[in-house]
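Okay, so here's the structure we're looking at.
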2 protein chains.
Amino acid sequence: MASESSLQAEVNRLRLQVEHLQVKDGSEPVYIGQYLLTRLEQLKVTKMFGVPGDFNLGFLDLVEDHPTIDWVGNCNELNASYAADGYARVKEHSLGVVLTTFGVGELSATNGIAGAFSEMVPVLHIAGVPSMAQQKTKPMLHHTLGDGRYDAYIKAAENFSISQAILTSKENAAAEIDRVLTDCITRARPVYLTLPTNLVYEKISSARLKIPLSRLPPPNDPDVQTFVIDEIVKLVQEADDDVVVLVDACAIRHDVREEVNELIKKTGFPVYSAPMGKTSVSENYERYGGIYVGSISHPEIKEKVESAKLILSIGCLKSDFNTGNFTYSIPTPRTVEFHSDHTKVQFAAFGGIGMKELLPQLTSRLQPAKRQVAVPPFTAVLPQENNDIISQAWFWPRMGQFFKPKDVILAETGTSSFGILDVPLPENSVFLAQILWGSIGWTTGATLGAAFAAQDVGLGRTILFIGDGSLQLTVQELSSMIRHGLKPIIFVLNNDGYTIERFLHGKERKYNDIAPWKWTGLLGVLGDADGTKSKSYTVHNKAELSALLDNNEFAAADKIQLVEVMMPRLDAPSALERQAELSGKTNAYVAA
Amino acid sequence: MASESSLQAEVNRLRLQVEHLQVKDGSEPVYIGQYLLTRLEQLKVTKMFGVPGDFNLGFLDLVEDHPTIDWVGNCNELNASYAADGYARVKEHSLGVVLTTFGVGELSATNGIAGAFSEMVPVLHIAGVPSMAQQKTKPMLHHTLGDGRYDAYIKAAENFSISQAILTSKENAAAEIDRVLTDCITRARPVYLTLPTNLVYEKISSARLKIPLSRLPPPNDPDVQTFVIDEIVKLVQEADDDVVVLVDACAIRHDVREEVNELIKKTGFPVYSAPMGKTSVSENYERYGGIYVGSISHPEIKEKVESAKLILSIGCLKSDFNTGNFTYSIPTPRTVEFHSDHTKVQFAAFGGIGMKELLPQLTSRLQPAKRQVAVPPFTAVLPQENNDIISQAWFWPRMGQFFKPKDVILAETGTSSFGILDVPLPENSVFLAQILWGSIGWTTGATLGAAFAAQDVGLGRTILFIGDGSLQLTVQELSSMIRHGLKPIIFVLNNDGYTIERFLHGKERKYNDIAPWKWTGLLGVLGDADGTKSKSYTVHNKAELSALLDNNEFAAADKIQLVEVMMPRLDAPSALERQAELSGKTNAYVAA
């Protein structure tokens, strides 16, 4: 089945190439700008993020007039790129799109695009650029470096995108657009497209649009695949059903959640997740044991995973924060690694054997496990504390009781991304964090994009956890949420500064302090002057927070809500404390 | 004199090289981090901007403990880079410094650094990076791209800095630091320095620190210089004293204001300024005629400049917005161009002949003009309008009456940067705008840096003009101003969206709309909860604005003040209207 559809994708691709080689004019010519928008519409894009600028205004006319794609004007380009990233993560089988202007705009988005690269999120970055005539004569336009280097921004972008289309003429514009869009969706990485002002309204053939782009990876070599499957089946048999499945980031990014589900349901193998794979498998599934993160794991999870005779590792991404600072204790001879474009069986690597096609075939070859290795229950127990302070240890399990199925939950890098790991999230909920890239401030923009995408795909509430330090970086994007009628719940963990940094270094240093803000006044200032669209709260203790969470009106999330949660300055989730201890050792500043 | 000091600079440089070649240990070793801070202290740096991150925290300990350099923790890195830029512009003979962390932090600053490159502002960008051991083994650390490309951020930075020092060992760290700092201050451009965590506390010789770095350019070749001066003197004589001096950006950036002043005072030649040269020459000087900006100029100015027999053009930077969209009408045979590193006499270019040394020698050869060509008076007359609306035509001359000597005045790209051009600014005032780079939002960060620098150099009030659209990009930096007790006056021109864009394209388009904010609530939310540190106002008409400006308490600026100025949505300064008309022609979106 998978193989057939892969072949179909290849056929489609070849048809496009043939199309291109024939160089014939289509019967209904379209503007290049329309061509691009039609492709995005086919890929189910409904929102475009960005900031207007004089090199993209002409294209924006087409966007604003488009029947199904809405323009979301952001407050700045970094936030826009974060929003496109958040949108793409929630709206699977689509992509995020950010539109900026030449130089000033596109460079402001650099960090957001690089983050999407690092974390493997399909984002299209369109930069409106000067006309081809200007690019040839290179006048000293505003937004240039003043030295005629019109290619400097492209050179920078090449470092953070998987491919680039530098449109220069109408002849190959459609093919170039198709090429980068295909790269974007099949490789789940950002791509970069320049759109010169004079080309937006050039007319080209629409013939290629009849063949949809495919997000399926190229087909695996059948002979190699058969060999690989035989090897894996043999290892499973030798392991005598003491097999553990470990799911990670790329299972989400490369779209094999369903395939993984079929595998674990059929075999009954215990399944665990790395932090970046959280919610890739239902955290309520009875054979799911929770989060494995090397030596930082709960001891029982650590024991179960590391003692298994065979680990089927699906889409692993072994970054420091995703592995307890590289403390995985899983020997290679006991590991099979499934990736988007290769498979590793013990020490042997098989290039070109991708998991999308491999997993279903493997599942069909495996039998239900004869003995069911026990799986520790994944629950978060509310600790009994003899004070009313909102501690990290109490807060996260308490939030676990608040979550509902289909919630979209974002946790900012810091106490939030560490604290939430040990809380099981409900059925069909979606968890978003930036555990590899770790750019503070990301979730504010990402929440905007995620909330839009949640509407599109029928998910429920969007809930953000962010510290006071991080929210200051990107705070203005709350305004865009109000403006577009989105209704996220935003928990601001007010612990008076950069607590994650305090744990890494400089616990009492002033550089980890921030300005004290009146958090509950923010939404009123940023667009809800009459107080009808939003509600803000401060909770000082467990009782206040619990009362709020139990309030049905609050939980219904029918307006945007901000909750300032007063927490101790030097309290951190235990996972963060342990991570900080480990990274402290590797990052030590040796005072000679 | 200039030649002597240039030679002294060369001697100093050679001494450093000799020092380096001897590779001897100094008698009092210092940490590399301290070495860098001592160099910055010598260059009169008192503030370091940036955001803490785990790869720069160790260095931040040294910064926080430094007796004369203060850490200014910004809300985000883009704002920090803008602040460093604003600081450097006001604090002449010094530089701006921004400190970020690896990847996420440094990339967020890209646009700000590129802007400093474009506009020629000396900014040092220090990126705290992983240890050399990590850089060699390339683990998948957070803040990496996940593919081992530890050099990707350096490659991006190379596009936007004039030189880079990638510190890798203690052996050449001091020489590398000195090299990029010298490039930064002599070439007035950003430089990029990576500081690995393990090197910060390595001890090195302090011997080099005894020889201060010089910001003087390399000396001119005396024979060529004599020839060039002879040629210019001949042209001046042939012009029969019908000579005009036109001063532009690089007169400020390359530090020849005094030299220009001596030239114009001795000769009495009429002097005009390009937009980017505004306030390089006193706008109250009786022989100063105002702003020349090609066909957009006031007709009398245009006539006077373009009809002169000879134009001495000092530090010109012929960008679109600085030249009325390239409509200079000054033929090359009537032009002498003075630049930092070359001189152009009519069609002949003389490489290596820089103006810093050349101008004083030229002045000594010239005589007072025998006839005084008339100069139109540069004044801004308050128009009589038969309504009470705050129009652009009325607002700027009215502000002209409010300014005082030594004010530091920032105008954001848009209606502000165009509107203020025709208003003469007072004696010893400093004008800041980003006319070439034109990144909206820049002035908010730049105001923070400028206000700090104004304190250092004994300037007065800091006054910002910014539109509601632009302020949304970088608004959180108001918080840093409150936190550090700065007292700028911020005029928010509330015209309901991106008015400059409306004039360029899409006058009635929704993409030029923004979210309506409660501007007068901002300062209270961003750090002045009890209302003691700030004051905010809204003015709806001419009478209200005039009353406020005439209020002594307001004008004294003894707390941070924000004035929301209600202005019509589709009103723009005439210079902007004319510029938009001209760029519209070149940027036209041709609908086929």
Side-chain angles (χ1 to χ4, degrees), chain A residues 52 54 57-58 60 64 71 73 75-76 104 107-108 110-111 114 117-118 140-143 145-146 152 155-156 159 197-198 200-203 318-321 436 438-439 472-473 475-476 479 483 498 501 504-506 509-512 515 517-518 521-522 525-527 529 587 589-592, chain B residues 52 54 57-58 60 64 71 73 75-76 78 104 107-108 110-111 114 117-118 140-143 145-146 152 155-156 159 197 200-203 318-321 436 438-439 472-473 475-476 479 483 498 501 504-506 509-512 515 517-518 521-522 525-527 529 587 589-592:
Chain A
D54 53 347
L57 299 174
L60 270 173
E64 190 166 312
W71 172 244
C75 290
N76 66 39
V104 294
L107 295 183
S108 283
T110 308
N111 175 15
F117 185 97
S118 167
M140 200 191 288
L141 295 183
H142 62 291
H143 305 342
L145 294 163
K155 282 190 182 169
N159 293 290
T197 51
N198 69 310
V200 175
Y201 288 92
E202 285 281 347
K203 282 215 165 168
K318 292 182 184 164
S319 80
D320 52 358
F321 287 180
L436 171 55
S439 182
Q472 292 196 349
L473 280 91
V475 65
Q476 53 271 83
S479 159
R483 184 182 176 206
Y498 300 115
E501 308 283 358
L504 292 170
H505 191 91
R509 283 290 188 171
K510 280 185 286 179
Y511 54 70
N512 285 324
W517 285 11
K518 195 178 154 194
L522 261 178
V525 164
L526 299 184
N587 279 343
Y589 292 88
V590 186
Chain B
D54 53 346
L57 299 175
L60 269 172
E64 189 166 312
W71 172 245
C75 289
N76 66 38
L78 179 61
V104 294
L107 295 183
S108 283
T110 308
N111 175 14
F117 185 97
S118 168
M140 200 191 289
L141 295 182
H142 62 289
H143 305 342
L145 295 164
K155 282 190 182 167
N159 293 292
T197 51
V200 176
Y201 288 91
E202 286 281 347
K203 283 215 163 170
K318 292 182 184 165
S319 80
D320 52 359
F321 287 179
L436 171 54
S439 182
Q472 292 195 350
L473 280 91
V475 64
Q476 53 271 83
S479 159
R483 183 181 176 208
Y498 301 114
E501 308 283 358
L504 292 170
H505 191 91
R509 283 290 188 172
K510 280 187 285 180
Y511 55 70
N512 285 323
W517 287 10
K518 195 178 154 193
L522 263 178
V525 164
L526 299 183
N587 279 344
Y589 293 87
V590 186

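In what follows, chains carry the letters A, B, and so on, assigned in the order in which the sequence lines appear, proteins first and then strands, with residues in each chain numbered from 1.
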Between B:W517 and A:Q476, does a side chain to side chain contact (heavy atoms under 4.5 Å, CB included) hold up when you go through it step by step?
CA-CA 10 Å; B:W517 287 10; A:Q476 53 271 83; 3.7 Å; yes
Per-residue tally against chain A (heavy atom, under 4.5 Å) across B:N76, B:N512, B:D320, B:L60 peaks at B:D320
Pair count under 4.5 Å, heavy atoms only, with chain A: among B:E501, B:K510, B:K518, B:R509, highest is B:R509
Specify the closest pair of heavy atoms between [X] and [Y], including all atoms of both residues, with the distance to one decimal.
X      : Y      : value
A:G146 : B:L436 : CA-CD2, 4.1 Å
B:L145 : A:A114 : CD2-O, 3.7 Å
A:V525 : B:L522 : CG1-CD2, 3.7 Å

_Donor-acceptor check, side chain of A:N111 to backbone of B:L107, threshold 3.5 angstrom: yes or no?_
no
query = Is A:Q472 reaching over with its side chain to a backbone N or O of B:C75, donor-acceptor style, under 3.5 angstrom?
reply = no
Interatomic distance, NE2@B:H143 vs OG@A:S118, rounded to 0.5 Å, equals 10.5 Å
For [X], is it the side chain, the backbone, both, or neither that has a heavy atom closer than 4.5 Å to a heavy atom of chain A?
X      : result
B:Y511 : both
B:K318 : backbone
B:L78  : side chain

Given A:A152, A:A529, A:G73, A:G506, the one with more heavy-atom pairs under 4.5 angstrom with chain B than any other is A:A152
Item checked: Heavy-atom check, side chain of A:H505 versus side chain of B:D54, under 4.5 Å -> no
